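So the structure is just underneath, and the comments pick up after that.
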Amino acid sequence: METIGFIGLGIMGAPMAGHLLDAGYPVIASDHRSKPAALAAKGLKTVTGHDAVASAAGIIITMVPDTPQVTDVLFGENGVASALSKGKLVIDMSSISPIATKDFAKKINDLGCDYLDAPVSGGEVGAKAASLTIMVGGEEEAFERARPVFEKMGKNITLVGPNGVGQTTKVANQIVVALTIEAIGEALVFASKAGADPAKVRQALMGGLAASRILEVHGERMIKRTFAPGFRIELHQKDLNLALEGAKALGVALPNTSTTQQLFNSCAANGGAKEDHSALVRALERMAGHEVA
C-alpha cells in the first residue's frame, strides 16, 4: 500500500485520514499543527514541513479551506512541489477555483507528476461515514491509481473530465446545495409562522417529491437549532463566490445563487460566519420576525 501524505486535518480531513489509517495505509502529515489524538492512536506519523511530506509519500492529498491555502501548501516556502520526484501523485480534495486548479495541474505535471482535483460533497457527516461524493478531474491512469484510496473515503466516485472539471462540478454542487437550503428555510419559516408544527411539516415532506438529504439533515438542524458547523457559512460563501465569478466570465446569469449569497452575507454580518450553512434560515427568520422552532 502506498504511503499517503495528508495535509489538512480539519473537520473533514481528520476523519478522511482516519479511514485511510483504518484501511492500513501508512499516513504522514506535517507537524505545523497539533496532531489529532485519535489519529495518533491509529498510527499517524508527522514530519516537519510540507516538503518532507512530499518526500516521504507516493500520494499527497491536500484538504484545506481555499485557493490561497492550496497555493501556499503546494508552491510556498517548503511546499510540496519543492520536494516532488517523478511519478508521484498530488490530489487536491479542497474546494477551490477551477481556473487556478488548471494552473496547479500544469505546474505539477511539468515536474513529472500527476495531479487530480477531487473535491468532495457530503460534509462532516459524509466524511465520518466514509460516504463522500468525490468529483474528480484529471487523467484516467492517475484516477485508477487513486481509486482504491478514494474508495476508503467515499461512495459515489466519478471521473468527470480533465483537470479543473472536478472543481467545476463541485461549484455546481454548491449551487444546488445552497439553493436547496434556502428553499427549505423558506418553507419551514412559512409553515411555522402559519401555525404548523415545523417538525411534522418536515416529516410529511420527507415522504413526497420534496424529500432530499438536505431536508433530512439541514431541515432537522433548523428545527432543533443545531448550528455547530458541519460546513461553515463562510466556506459556502467562498464557493458561491467561485460560482458567481465563473458565471460572470462565462456570461451566465445565476440570479438565485446571487440572492442566496446575499442571505449568507446577512448571516455573516450578524456574527454567523462560522455557523453551519443550515443557519442561513436565520436571515429568513429576521425578515419574517419569526423563528422556526
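These numbers come from a predicted model, not from an experiment.
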Heavy-atom check, side chain of Met287 versus side chain of Leu263, under 4.5 Å: yes
Ile108 vs Phe75 side-chain heavy atoms within contact, under 4.5 Å: yes
Side chains of Leu205 and Ile184 in contact at under 4.5 Å (non-hydrogen atoms): no
Side-chain ion pair, Glu124 and Arg221, N-O less than 4.0 Å: no
Close side-chain approach of Leu254 and Ile175, heavy atoms under 4.5 Å: yes
Test side-chain contact (heavy atoms from CB on, under 4.5 Å) applied to Met153 and Met16, Met63, Met12, the passing residue: Met16
Residues forming a salt bridge (charged side-chain N to carboxylate O under 4.0 Å, His left out) with Lys248, sequence neighbours excluded: none
Residue of the set Glu275, Glu220, Glu291 for which salt bridge (charged side-chain N to carboxylate O under 4.0 Å, His left out) holds with Arg225: Glu291
Non-hydrogen side-chain atoms of Thr101 and Tyr115 separated by less than 4.5 Å: yes
CA sep, side-chain torsions, deciding dist, call: Ser121, Asn173, side chain to side chain donor-acceptor pair (under 3.5 Å): CA-CA 8 Å; Ser121 180; Asn173 177 86; 3.1 Å; yes
Side chains of Thr158 and Thr169 in contact at under 4.5 Å (non-hydrogen atoms): no
Pairs satisfying side chain to side chain donor-acceptor pair (under 3.5 Å), at least one member in residues 69-89, at least two apart: none
Whether His277 side chain and Gly230 backbone form a donor-acceptor pair below 3.5 Å: no
More than 12 heavy atoms from other groups under 6.0 Å of NZ on Lys152: yes
Residue of the set Asp117, Asp103, Asp92 for which side chain to side chain donor-acceptor pair (under 3.5 Å) holds with Asn163: Asp117
Spacing of His236 atom NE2 and Leu280 atom CG [to the nearest 0.5 Å]: 9.0 Å
Side-chain ion pair, Glu285 and Arg282, N-O less than 4.0 Å: no
Side-chain donor/acceptor of Ser266 to backbone N/O of Gln262, under 3.5 Å: no
Over 12 non-hydrogen atoms of neighbours within 6.0 angstrom of CD in Glu141: no
Rounded distance [0.5 Å steps], CG in Asp276 versus CD1 in Ile181: 7.0 Å
side-chain contact (heavy atoms from CB on, under 4.5 Å), paired with Ile96, selected from Val64, Thr62, Thr67, Asp239: Thr67
Gln203 atom CD, over 12 foreign heavy atoms within 6.0 Å: no
Neighbour count above 12 (heavy atom, 6.0 Å) for Gln237 CD: yes
Exam field: side chain Lys238 to backbone Ser95, donor-acceptor pair closer than 3.5 Å: yes
